[in-house]
Number of protein chains: 2
Amino acid sequence: MPTDTTSPRASSGSRSLEHPARADIRLADVLHALADPVRLRIVCALAAAEGELNCADIELPVSKSTCTHHFRVLREHGVIQQLYRGTAKMNGLRRADLEALFPGLIDGVLRAAELQAGRLGQE
Amino acid sequence: MPTDTTSPRASSGSRSLEHPARADIRLADVLHALADPVRLRIVCALAAAEGELNCADIELPVSKSTCTHHFRVLREHGVIQQLYRGTAKMNGLRRADLEALFPGLIDGVLRAAELQAGRLGQE
DNA sequence: GCACTCATACGATAGGCGTCGTAGTACGGC
DNA sequence: GCCGTACTACGACGCCTATCGTATGAGTGC
C-alpha cells in the first residue's frame, strides 16, 4: 500500500473494515447472504456463541481463502460485524440492526436451520 | 407428445408440473429462491392475493421468458405450487408446507419485505 | 530482529444465474 | 379447422460467485 502514508496509527488492532450502515442493509442481500450452506453454518455458530468468535473457531469444509470470502460476504451484506483484535478477527452477528430492520427474521431463519438440522440428522 | 397415450384425460387442465415433496424442501434453497428482488415481489403478490394468481397478473419488470424462469425457480425450490387451468397457469404459495417445515419464516420474510418497502418508499 | 500464526489479496477457474429473443406447444373460442 | 392467447423450451450472452493455491501483510512471542 504505497500511497497510504496518511494514517500512522493504523496498527494497534484497529485495521478497520467497511460495514454497511443499518439503513443500507437490504432484505434481498441478507437473504442472499444466508442462502449459502456454509454461510448459514457460520451464522448459526455465531448465534449460538452469543458473543464473538474467531474466524478459525468455526469448522468449515472449505479452504481458508473461501472462508475469508464467505465472512466478507456476510459482512458486506450487513449480517455480521468484524473487527481486528491483535492477530485474530472477531466476528459477531448484527442482531440489533437486523432485528430493528426485519423483526423476527433472523430468529426465524435460525430456528428453521435448527429444525432442519434435527430433521436431517436423525432420519 | 407422441408417446403419451397412457393418460386419456391428460387435458382439462392437468398438464402436471413437478414439485418437490415437503420433505425435500431445503432451507438454503428457499432462502436462495427468496433472495432475488423479482421473486420476492412475486411471493409478496401471491401472499397478498391469498388465493391463486395467473402468471400474467403480476406486473414484473422483466420479459416473459425471465418471468417463466423465476416462477420455475420458486416452484422447484418448493416455495410455490403451479397448476394449469386451461390456457392459464395458476400460482399459489405453499404456505402449509413452508409453515410446517420452517414455522414463522415466511411470515417473517413477508413482513420484512413490507417494512422495507415502506421504508424505501417514503424516504 | 526473526519466526510463526492469522487472515487477506490476487489471480485463475469452473459453474451457476439472470436476462433476453425466437421458436414452439397447449387451450379455448370463432 | 383456424387463429389468438398463454406459457414453455432452447440457445446465447454476460455477470456474478464459490472454490482454490500461493504470495503478502499484520501482530505476537522468543
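Order of the sequence lines fixes the chain letters, A, B, ..., with proteins taken first and strands second; residue numbering starts at 1 for each chain.
The interatomic distance linking R75(A) (CZ) with dA7(C) (P) rounds to 13 Å, in whole Å. Computed from coordinates, the L60(A) CG to dA7(C) P distance equals 12 Å when rounded to whole Å. D36(A) places its CG atom 14 Å from the P atom of dG16(C), with the value rounded to the nearest Å. What separates CD of E76(A) from P of dA18(D) is a distance of 12 Å, to the nearest Å. Distance CG (L31(A)) to P (dC17(C)): 16 Å, rounded to an integer number of Å. F71(A) has its CZ atom 8 Å from the P atom of dA7(C), to the nearest Å. The interatomic distance linking H32(A) (NE2) with dC15(D) (P) rounds to 17 Å, in whole Å. Atom CE in M90(B) sits about 16 Å away from atom P in dC27(C), given to the nearest Å.
The main-chain N or O of I106(B) is never found under 3.5 Å from a side-chain atom of R111(B) such that the two would form a donor-acceptor pair. The closest donor-acceptor contact from the side chain of R39(A) to the backbone of A33(A) lies under 3.5 Å. Side chain of Q116(B) to backbone of L27(A): a donor-acceptor contact under 3.5 angstrom is found. The closest donor-acceptor contact from the side chain of R75(B) to the backbone of Q82(B) lies at 3.5 Å or more, if one exists at all. Using a distance-only test at 3.5 Å, with no hydrogens or angles considered, no donor-acceptor pair links the side chain of R95(A) to the main chain of G92(A).
Distances shown here put every side-chain N or O of T66(A) at or beyond 4.0 Å from the OP1 or OP2 atom of dA18(D). For dC27(C), the OP1/OP2 oxygens have no side-chain nitrogen or oxygen of T87(B) closer than 4.0 Å. Of the side-chain N and O atoms in R72(A), one or more sit less than 4.0 angstrom from OP1 or OP2 of dA9(C). The side chain of R85(B) places no N or O atom within less than 4.0 Å of a non-bridging phosphate oxygen (OP1 or OP2) of dC27(C).
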request  = Evaluate the criterion side-chain hydrogen bond (donor to acceptor under 3.5 Å, both in side chains) for residue pair S65(A) and T68(A); output intermediate values, then yes/no.
outcome  = CA-CA 5 Å; S65(A) 327; T68(A) 297; over 6 Å; no
Contact state string [nucleotides 10-15 of chain C, B base, S sugar-phosphate only, - no protein heavy atom under 4.0 Å] = ------
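Distances from the side chain of H69(B) to the nucleotides dA18(D), dG18(C), dC7(D) place dG18(C) closest. Checked against dT19(D), dC20(C), dA6(D), the side chain of N54(B) finds its nearest nucleotide in dA6(D). Each of dG21(C), dC20(D), dA7(C) was ranked by its minimum atom distance to the side chain of T68(A); first place goes to dA7(C). Side-chain proximity of V73(B) to dG18(C), dA18(D), dA7(C): nearest is dG18(C). Considering only side-chain atoms of V62(A), the nucleotide from dC20(D), dA7(C), dT17(D) that sits closest is dC20(D). Of the candidate nucleotides dG18(C), dC7(D), dG21(D), dC7(D) has the atom lying nearest to any side-chain atom of C55(B).
Residue H70(A) is classed as a sugar-phosphate contact, given heavy-atom separations below 4.0 Å to backbone atoms only.
For the residue pair A45(B) and L53(B), the shortest heavy atom distance occurs at O-CD1, 3.8 Å.
Ionic pairing of R94(A) and D97(A) is present here: one or more N-O contacts between side-chain nitrogen and carboxylate oxygen are shorter than 4.0 angstrom.
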